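Let me begin by presenting the structure, written as structure tokens, before commenting on it.
Note that the structure is predicted; figures quoted are calculated from it, not measured. Numbered from 1 within each chain, the chains take letters A, B, ... in sequence-line order.
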Amino acid sequence: MNYVATIGSREVKISVEDLGGSNYKVSIDGVERVVDAQMVATRLWSVLCGNASFEVDVTRLPGMGEEFEVLINGDCHKFSLMNEQRKAMIRAGGKGAAGKAMITSPMPGKVVKLLVEVGQEVRADQGVVVVEAMKMENELKTALAGKVKETFVEEGDIVEAGAKLLLVE
Amino acid sequence: MNYVATIGSREVKISVEDLGGSNYKVSIDGVERVVDAQMVATRLWSVLCGNASFEVDVTRLPGMGEEFEVLINGDCHKFSLMNEQRKAMIRAGGKGAAGKAMITSPMPGKVVKLLVEVGQEVRADQGVVVVEAMKMENELKTALAGKVKETFVEEGDIVEAGAKLLLVE
Amino acid sequence: MFDKILIANRGEIAVRVLRACKEMGIRTVGVFSEVDRKALHTRYAEEAYCIGPAPARESYLDIDKVIAVARKSGAQAIHPGYGFLAENPLFADRCEKEGIKLIGPSAYAMRTMGSKTLARKTVQAAGVPVVPGTVEPISTEEEVIRAAKTIGFPVMLKATAGGGGKGLRLVREEPELRSALRMAKSEAKSAFSDDSVYVEKYIENPRHVEIQILGDRHGNHVHLGERECSIQRRHQKVIEESPSVIVTPEMREAMGKVAIEAARAVAYEGAGTCEFLVDTHRDFFFLEMNTRLQVEHPVTEMVTGIDIVKEQIRVAAGEKLSIRQEDVKQTGHAIECRVYAEDPERNFIPCPGRITSLRVPGGPGVRDDSGVYAGFEIPIYYDPIISKLVAWGKDRAEAIGRMKRALAVYVVTGVKTTVPFHIRVMKNRHFIEGNFDTDFIDNVFFREEEARQLANEEVALCTAAIQEHIEERRRAVSRNPGEATGPVSMWKYAARPGIPKIGQVGR
Amino acid sequence: MFDKILIANRGEIAVRVLRACKEMGIRTVGVFSEVDRKALHTRYAEEAYCIGPAPARESYLDIDKVIAVARKSGAQAIHPGYGFLAENPLFADRCEKEGIKLIGPSAYAMRTMGSKTLARKTVQAAGVPVVPGTVEPISTEEEVIRAAKTIGFPVMLKATAGGGGKGLRLVREEPELRSALRMAKSEAKSAFSDDSVYVEKYIENPRHVEIQILGDRHGNHVHLGERECSIQRRHQKVIEESPSVIVTPEMREAMGKVAIEAARAVAYEGAGTCEFLVDTHRDFFFLEMNTRLQVEHPVTEMVTGIDIVKEQIRVAAGEKLSIRQEDVKQTGHAIECRVYAEDPERNFIPCPGRITSLRVPGGPGVRDDSGVYAGFEIPIYYDPIISKLVAWGKDRAEAIGRMKRALAVYVVTGVKTTVPFHIRVMKNRHFIEGNFDTDFIDNVFFREEEARQLANEEVALCTAAIQEHIEERRRAVSRNPGEATGPVSMWKYAARPGIPKIGQVGR
């Protein structure tokens, strides 16, 4: 299987081939290596890369887009990883959603305060909503400057992780 | 559901009734109590009996017969527990297997030595076969006196837990 | 001695107190909210009573319910842990009225030390040095502005009833003052039901050093040396250690003496902590006294060998302190990392959820004080603390080495935790050198981290690609079940015995 | 100091050594057999090499393969742990030839102490008291019978190459001798590839006390006090503690001196242990010297604060011992329980299999040295040790209290373990009083246990019935899927949020 990983602005081509058992031939930008990957707990892999041994904690974030966070001894690697065909399809389809930012709740909690109203202009990094969980208030920010298009919650609402809160365009 | 538990030579009648959630009305020999039983790990229950809190580790032994071993803070309770109807059926059917004892391997391992031959007379508690696991040799004994009717393994065989080793009649 | 103690708390601290009771042969009563039926403290208590819905106000903070359980169960004493009712003088009053011993100081001591302003006045009178600031709580914006100007910026706004870093705001210049005051008040209100604040001079580059004390009702007081809690994130302690690298034996003796004076000033009984700010000249100023067991008490236990919770229980039962000052010896060095269910990659937002797997480090010199287990669902209603990991070594370098190797194998999946953050701190040069103040994490550490190159990127990519590959293969098999014997779970793949073919030698 | 160390072992002891290396910043190389690809030591090592099939003879005991990995990986030293190659002088010779430092004593010391008879001769010459018995290994039945008669029954038959309780037989009367000899020889043959035995006077009601020593190549030796290992099951140590209740300060000094003499007699380098039998008059007799790290070394580490594995590594690198005799202080009391995958309800037969869930106790004073994790499949090929649980307390009573509460919450499901056995020992009156000898478990404890009434029978019955009830309901739903939305797993039932309806107060 062929994949494309995007790390920041870099793109990396990866291919994976079964060698039987828990062994895989993995090539990254054309450099091949044999990897023995064994799952030892939920999402936790014992990886032998040659003879180098690693504990690798792989999180595939929920939601659209194949976003990964991979922990290796305290270092968190963030990248997207996508099947090459799928990536090509999405490219062909174009980015319909460009210029929109959906603010979602990163955790279950309670909406304590909406800091903006529909129609209001916001700048990038401005706090837009406060969600409380585990006795902590968390101010969520918009990454995008623009106008608040829609709000999906009211103050006092209990929301799940991933719940849509508001849309900035 | 109604059950009969056999502890040594004692028989105890138990009935279980759902109360919703994780609550059950359990009566033992007519004495009722409300029990809140929550499974917190494989086979491990957090039990509130009234307000008394217990960690209860329940093992249902493999094989025929509903044999249980229940651990509560270091005490191992052993008993059989059977649906009342099933118990009645088995009673009606009679014990066809009386006077026979199948020696099975209690663990995976290697048959190191057969101490008896087919046709040989054995007394109760006599060692009949030696199985090795984890660097330890374990002499298995027959609970029943009688004659060795059949052997199912040879020395050097690797056996699974529960494998038939030999039959004494 | 008591026959039966009720523990009016949840999570790791309830488990900690349960352990002490069990070791002493005292029967235990737990209380739990509806979401905590399967919490560890509910499982470990010998009796457990549900005291209402998830919100703390309707369960763990409800004095009537806690008292009712104590009476029903016949508990003679209540251990409040930290947080919840631990420093509530109304609860102390009520316990006294009901004839139930609250394990902790008197309501009077709580009231005096609970009000930051009253505390300052009291200890100042006993000769304890304090940080310059307002002596009375002030409520109007105008008063706050006036006070701040008199003291001189930068100033700290502090909740009078505060603790645990809540209701705390640093104000460097006047324009920030109003908004900071609003937030401090709102936090104070929601955390302590009391929005009054006071103003203190902000000490630049301070270190946070505190002294653990113990007292009995017979007038005996000892101190168990210091803890340093300078590794803070937004004024919340995250890493604590004992001893402090900046405290000399003379300073320890002086601070210990002053802490005992402060305790004596309120006839303090039980375990308490005097917090000090230490400036760059190693002058120290009383900050506040916490009239309860501290989160970070284990570091003191590890260097002194004294079980602080057991001492609390003994003196609450009327016994004399079992230790004299000359018996207290600090041996080696201990460090505690607070492991929270928070995502260090997303500005430490809380991460409630189900722990899908958990492996806790062990081995020499490592102590894990945990309140969770694999399969437990961390509720959204309470503090996000999962565990406190403590490492002891014969010196600071060994303690750091142990902490590092313990953190490296601390596995929590299902929720994000602060373990990776702690690993990074343990590797930080300034931390290793002991060169930090209370703003180190926010001002220095994070900046250095941003510039850092991550190691083993290709391993991360390989593993993610393999996981994705297996997932796609699994989905393909599920769609075309005729091609295989059935759907194959990830676990099955993982557990499939395979003979590794690489890296074998000598065959 | 070494840059890289190979750990030629598996399981908990490999993990223990890995921890020490990581804390010292030394890179680690692990080796694993084909069934150990997912073992903890394979996961934790920084490099890992497969060295062959499961049987130890074809992997962990294969000197060529281990050496080949050391050369390939560039490891400068090998730590052998205990068991496997740890006391094999051929391996020591080979390492020396290859220019790889074996972390342990010289081949000469191993050979001398490895032969029980040669060891007796050597230490006797150094003035160490020994148990009366044969000095030369004997092989024919007739010789054994003659020797036994000379010494006088009861006698012990012992494998010359023995250790760990294997190849050991007590013979009370002559008629038992032949069959006991056959079994001792067969065990010795399979465990050590050497079936020669010797005969010793059997000391009645002995206690087993051993002295931990450390030596460097510069001629320095210290002892770290004693451990008592009298809680044995069939001559296998199962519970160890330090200090021993029967050892007085004078006795400790005398035993320590004698142990150091024995070590000096072979120019001992590294960590070693002199085992003694102590009779009812508190006279002690040298039994053997173990030329390796002992399973039970953690109890000594907990009372002295010294990391024995790190000291091993330091002296192997040529450093001088970092401690002098006067620096060694025993503080408090530590107890170790060996947790085996064995079924205490079925005469302790080994229980290999998959650990379905695991929860390890934590909190103050508790150390868990484990080699497994939840999901791990314990192989049938090796020792059934899962973990060593160690508890420290300021005195023996506190240590027992801690061990008891730790064991009570030690959860291992999927395989049977000896945890319930240890719980019972910790509650046993004789154990609590310190009143036991090496036969206590086999002769006294099990007899007392048989007569015992079990507690909480009705809770056991309730829970089993509820589990069966849920199972039957689940099966019924599976058979008639129309009646429900689908099959319901046990876990779903268990995890279903339910509001407890009993025992609530104040609503």
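The existence of a salt bridge linking C:Glu398 and D:Lys310 is confirmed by a sub-4.0 Å separation between a basic side-chain nitrogen and an acidic carboxylate oxygen.
Counting heavy-atom pairs under 4.5 Å between each of D:Gly363, D:Gly305, D:Gly401 and chain C puts D:Gly363 at the top. For chain D, the option among C:Glu23, C:Glu12, C:Lys22 with the highest count of heavy-atom pairs below 4.5 Å is C:Glu23. Heavy-atom pairs under 4.5 Å with chain D peak, among C:Lys388, C:Met302, C:Lys404, C:Arg402, at C:Arg402.
Using a 4.5 Å cut-off between heavy atoms, C:Ile67 does not touch chain D at all. Contacts of C:Tyr373 with chain D are made by both backbone and side-chain atoms, with heavy-atom separations under 4.5 Å. Using a 4.5 Å cut-off between heavy atoms, D:Leu18 does not touch chain C at all. Using a 4.5 Å cut-off between heavy atoms, C:Arg19 touches chain D through backbone and side chain atoms alike. With a 4.5 Å cut-off on non-hydrogen atoms, D:Leu358 touches chain C through its side chain but not through its backbone. The contact between D:Val409 and chain C is made by backbone and side chain atoms together, counting heavy-atom distances below 4.5 Å.
Atom CD1 of residue D:Ile306 and atom NZ of residue C:Lys394 lie 9.5 Å apart, to the nearest 0.5 angstrom. To the nearest 0.5 Å, atom CZ of residue C:Arg359 and atom CZ of residue D:Phe376 are 11.0 Å apart.
Here the shortest heavy-atom pairing between C:Pro364 and D:Glu301 reads CB-OE1, 4.3 Å.
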